[in-house]
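What follows is one structure encoded as structure tokens, with my remarks underneath.
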Amino acid sequence: EMGTSVAALVGCVLAAEAAHIFLFCPMLLVLGARRNPVTYFRSCLPALFTALGSCSSAACLPLNLQAAEENGLRPHVAKLALNLGATINMDGNSIYLICCT
């Protein structure tokens, strides 16, 4: 009984995260910023892999700043947004909490 409940929770969280990453974020890039999501995410891969490998938002902040500047963000905007986002932007935690309730 408990195993099926945990499996259902894990499946729900993974499905919601996949929808967020592969549907919602690219849709925002296309509709809001008029950018190609494939080229945008390709330029962000070093920062994404560093974040996954280190499990730390602060550790990959320099790579995030570099990727933001490569994607055309002005440096002062990138510094403000990424420093705030590294501490308060927790989409995964929000999705997990919604699935748990």
Side-chain angles (χ1 to χ4, degrees):
E1 168 99 16
M2 182 182 266
T4 57
S5 297
V6 171
L9 174 64
V10 169
C12 181
V13 170
L14 289 177
E17 292 287 344
H20 179 73
I21 292 170
F22 296 114
L23 296 175
F24 184 70
C25 289
M27 185 175 60
L28 279 177
L29 280 169
V30 170
L31 298 176
R34 309 266 188 234
R35 302 286 308 265
N36 183 354
V38 175
T39 58
Y40 181 83
F41 285 123
R42 187 178 299 136
S43 69
C44 296
L45 280 178
L48 289 171
F49 288 143
T50 303
L52 287 172
S54 67
C55 294
S56 170
S57 302
C60 68
L61 194 55
L63 289 172
N64 285 334
L65 288 168
Q66 180 182 3
E69 290 178 14
E70 288 174 6
N71 282 312
L73 250 60
R74 286 178 257 150
H76 68 279
V77 173
K79 287 178 184 175
L80 174 68
L82 291 173
N83 282 316
L84 282 175
T87 56
I88 62 175
N89 185 20
M90 299 187 180
D91 296 339
N93 290 343
S94 303
I95 291 172
Y96 175 75
L97 290 174
I98 290 169
C99 290
C100 286
T101 57

Test ring-ring contact (aromatic ring centres under 6.0 Å, His included) applied to Phe22 - qualifying residues, sequence neighbours left out: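 None.
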
Connected hydrophobic set around Leu73, excluding itself, where side chains approach under 4.5 Å: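 Result for Leu73 is none, singleton.
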
Sequence-distant partners of Arg34, side-chain contact (heavy atoms from CB on, under 4.5 Å), two or more places apart: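 Partners of Arg34 under the side-chain contact (heavy atoms from CB on, under 4.5 Å) test: none.
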
For a quick test of reading the model, state the closest non-hydrogen atom pair linking [X] to [Y] and the distance between them.
{"X": "Leu82", "Y": "Ala68", "value": "CD1-CB, 3.9 Å"}
{"X": "Ser43", "Y": "Glu70", "value": "O-OE1, 4.1 Å"}
{"X": "Thr50", "Y": "Ala59", "value": "CG2-O, 4.4 Å"}
{"X": "Arg35", "Y": "Asn71", "value": "NH1-O, 2.7 Å"}

Evaluation steps, side-chain contact (heavy atoms from CB on, under 4.5 Å), between Ser57 and Asn64: CA-CA 9 Å; Ser57 302; Asn64 285 334; over 6 Å; no

Pairwise distance CD(Glu69) to CD(Gln66) - rounded to 0.5 angstrom: 8.0 Å

Interatomic distance, Lys79 atom NZ to Arg74 atom CZ [nearest 0.5 angstrom]: 14.0 Å

Contacts table for residues 1-15: side-chain donor-acceptor under 3.5 angstrom, sequence neighbours left out:
residue : atom : partner : partner atom : Å
Thr4    : OG1  : Glu1    : O            : 2.8
Ser5    : OG   : Glu1    : O            : 3.2

Pairs meeting criterion ring-ring contact (aromatic ring centres under 6.0 Å, His included) with involvement of residues 30-61, two or more places apart: none

Same apolar cluster: Leu52 and Leu63, side chain cutoff 4.5 Å: no

Residues in side chain to side chain donor-acceptor pair (under 3.5 Å) contact with Asn83, at least two apart in sequence or another chain: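 Asn83 satisfies side chain to side chain donor-acceptor pair (under 3.5 Å) with no residue once adjacent residues are dropped.
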
